[in-house]
Amino acid sequence: MRRCIQLAKLGAGNVAPNPMVGAVLVYNNRIIGEGYHEKYGQAHAEVNCIDNVSVADTDLISKSILYVSLEPCAHFGKTPPCVDLILKLGIEHVVIGCSDSFEKVNGAGIQKLIDVGVKVELDVLRDECMILNKRFFTYHQKKRPYLILKWAQSNDGFIAGDNGMPLQISNEYTNKLSHKWRAEQASILVGTKTIINDNPNLTTRYWFGKSPVRVIIDSDLELMTTANVFNNHADTIIINNKKNKQTGNILFYKIDFKENVLEGIIKCLYNNNIVSCIIEGGAKTLQSFIDAGAWDEARIITNTSLNIQNGIKSPILRNALLRNQIDIFSDRINFLQNNELL
């Protein structure tokens, strides 16, 4: 099962809104096939696992144990049901990491296997398998994307210079890690001022992998179309209070800014099948999510050797539980969870 989880992680950033899944086929304690869900719309982990079996071992498939990190699907989606493949091949023993809460699965795959006499073992390394797909489960159980806050700050707690002037806070190695984080999420969100002050691309240019959907809060559509986020390097959603319109890779999505704005933003993401979002700024946008308790994780980069004395103060995080801390030269990265959601 640990190998299933290792394999599943290879699909990070490429399978959303589907979950990451790994599968391993074992005969007499020997792995004869393994695979993972590589890309949304393509073959699931179980199919790739079976296809990985050599011709010499084909006759062993029905006599083997199939390990899979998530309950096999029992419905037709982009691909046929994986349960049907398992039954067709005559596999009689399946070990499952955790069940799938998606309404079209939700135990149906497990039950179909049990009904025809397949031996099913469930909840092997369940917690690890649940954490693996925390984005997927949050999306389907809570009807919202998994929300990650991220910012870089000086040692004395500033996120930007005077008048919002951008600062080079983190080092080149931390920047690459930040872009890896982007590649693992379905979307990235910033406010209008971040676009005006920094003119970011919001892509994964320092890391390989697909760039997330760019989500920009621009209530009055005041941004110039020459801003980098209006290029064709990634799909983009402009959340505003004026119009709904699709123009090329740009979706203008209208919400009511007189009502609960965060609720409108989160609903926009959910309605567009976005299972996760990394929120990168600016300070006001980040603080609004914090104040509403609308976050799951926070990743805070502090340059311990940089003090600027004046500027825009960093957001104030509340109800945060420190889960991990790493140092990359002078950059200290704290990984925190929302304690209220635990």
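Positions are given from 1, in the same order as the sequence printed here.
- Paired with I279 under the rule side-chain contact (heavy atoms from CB on, under 4.5 Å), one option of V215, I290, L149 passes, and it is L149.
- With respect to the salt-bridge test (charged N to carboxylate O, under 4.0 angstrom), the residues R144 and D296 qualify.
- Each of I237, I195, I250 was scored for a side-chain contact (heavy atoms from CB on, under 4.5 Å) with I216, with one residue passing: I195.
- Remark: K243 qualifies as a cation-pi partner of F252 under the 6.0 Å distance and 45° angle criteria applied to the six-membered ring.
- Ring-plane geometry between F329 and Y173 is classed as tilted, the angle between the planes lying from 30 to 60 degrees on a 0 to 90 degree scale.
- Annotation: K245, atom NZ; neighbour count of heavy atoms from other residues, nucleotides and ligands within 6.0 Å does not exceed 12.
- Sparse packing is recorded around CD of E92, with 12 or fewer heavy atoms of other residues, nucleotides or ligands lying under 6.0 Å away.
- At least one side-chain heavy atom of D115 sits under 4.5 Å from a side-chain heavy atom of Q111.
- Taking the charged nitrogens against the carboxylate oxygens, K180 and E184 do have a contact shorter than 4.0 Å, which makes a salt bridge.
- Residues forming a ring-ring contact (aromatic ring centres under 6.0 Å, His included) with F136 (at least two apart in sequence, or on another chain): H140.
- A donor-acceptor pair under 3.5 Å links the side-chain atoms of S69 to the main chain of G22, judged by distance alone.
- Between R214 and N228, the side chains place no donor N or O within less than 3.5 Å of an acceptor N or O (distance only, hydrogens not considered).
- I110 contributes atom CD1, which lies 4.5 Å from atom CD1 of I96 (distance to the nearest 0.5 angstrom).
- Here T194 contributes atom OG1 and E280 contributes atom CD; the two are 9.0 Å apart, rounded to the nearest 0.5 Å.
- Within the model, atoms NZ of K134 and CD of Q337 stand 7.0 Å from one another, a figure rounded to the nearest 0.5 Å.
- With no hydrogens or angles considered, a side-chain donor-acceptor pair links N175 and S170 at under 3.5 Å.
- Looking only at distances, a side-chain donor or acceptor of S288 sits under 3.5 Å from a matching main-chain atom of T285.
- In this structure a side-chain-to-backbone donor-acceptor pair under 3.5 Å is present from T304 to S330.
- Side chain of S62 to main chain of L89: no donor-acceptor pair is present (N/O by atom type, distance under 3.5 Å, no hydrogens or angles).
- No hydrogens or angles considered: nothing links the side chains of S99 and E71 as a donor-acceptor pair under 3.5 Å.
- Between I308 and D156, the shortest heavy-atom distance links the atoms N-OD2, 3.1 Å.
- Between R126 and C98, the shortest heavy-atom distance links the atoms CG-CB, 4.1 Å.
- Using modelled atom types, one finds no donor on one side chain facing an acceptor on the other under 3.5 Å when comparing N272 with Y253.
- When every heavy atom of P19 is checked against every heavy atom of H37, the shortest pair comes out as O-CD2, 3.6 Å.
- Between the R182 side chain and the T203 main chain, a donor and an acceptor come within less than 3.5 Å of each other.
- Remark: the backbone N or O of I217 is not paired with any side-chain donor or acceptor of S219 at under 3.5 angstrom.
- In summary, the side chains of N171 and T174 do present a donor paired with an acceptor at a separation below 3.5 Å, with no hydrogens or angles considered.
- Between the Q287 side chain and the F289 main chain, no donor and acceptor come within less than 3.5 Å of each other.
- Between Y146 and Y139, the distance from one ring center to the other does not fall under 6.0 angstrom.
- Without hydrogens or angle criteria, D57 side chain to I32 main chain gives no donor-acceptor distance under 3.5 Å.
- Side-chain N or O atoms of D100 include none that pairs as donor or acceptor with a backbone N or O of L70 at under 3.5 Å.
- The closest side-chain donor-acceptor pair between T204 and S211 falls under 3.5 angstrom.
- A search for side-chain contact (heavy atoms from CB on, under 4.5 Å) contacts involving P81 returns F76, D84, not counting sequence neighbours.
- With L317 as reference, L336 is the one residue of L336, N334, N338 to meet the side-chain contact (heavy atoms from CB on, under 4.5 Å) rule.
- Between M20 and A12 the shortest heavy-atom distance is SD-CA, 3.5 Å.
- In plain terms, the two heavy atoms of W181 and I333 that are nearest each other are CH2-CG2, 3.9 Å.
- Smallest separation of non-hydrogen atoms from L66 and C49: CD1-SG, 4.2 Å.
- Around NZ of K142, the count of heavy atoms belonging to other residues, nucleotides or ligands within 6.0 Å exceeds 12.
- No side-chain donor-acceptor contact under 3.5 Å links D198 to the backbone of P200.
- With I255 as the partner, the side-chain contact (heavy atoms from CB on, under 4.5 Å) test is satisfied by one option alone out of L262, I265, N244: I265.
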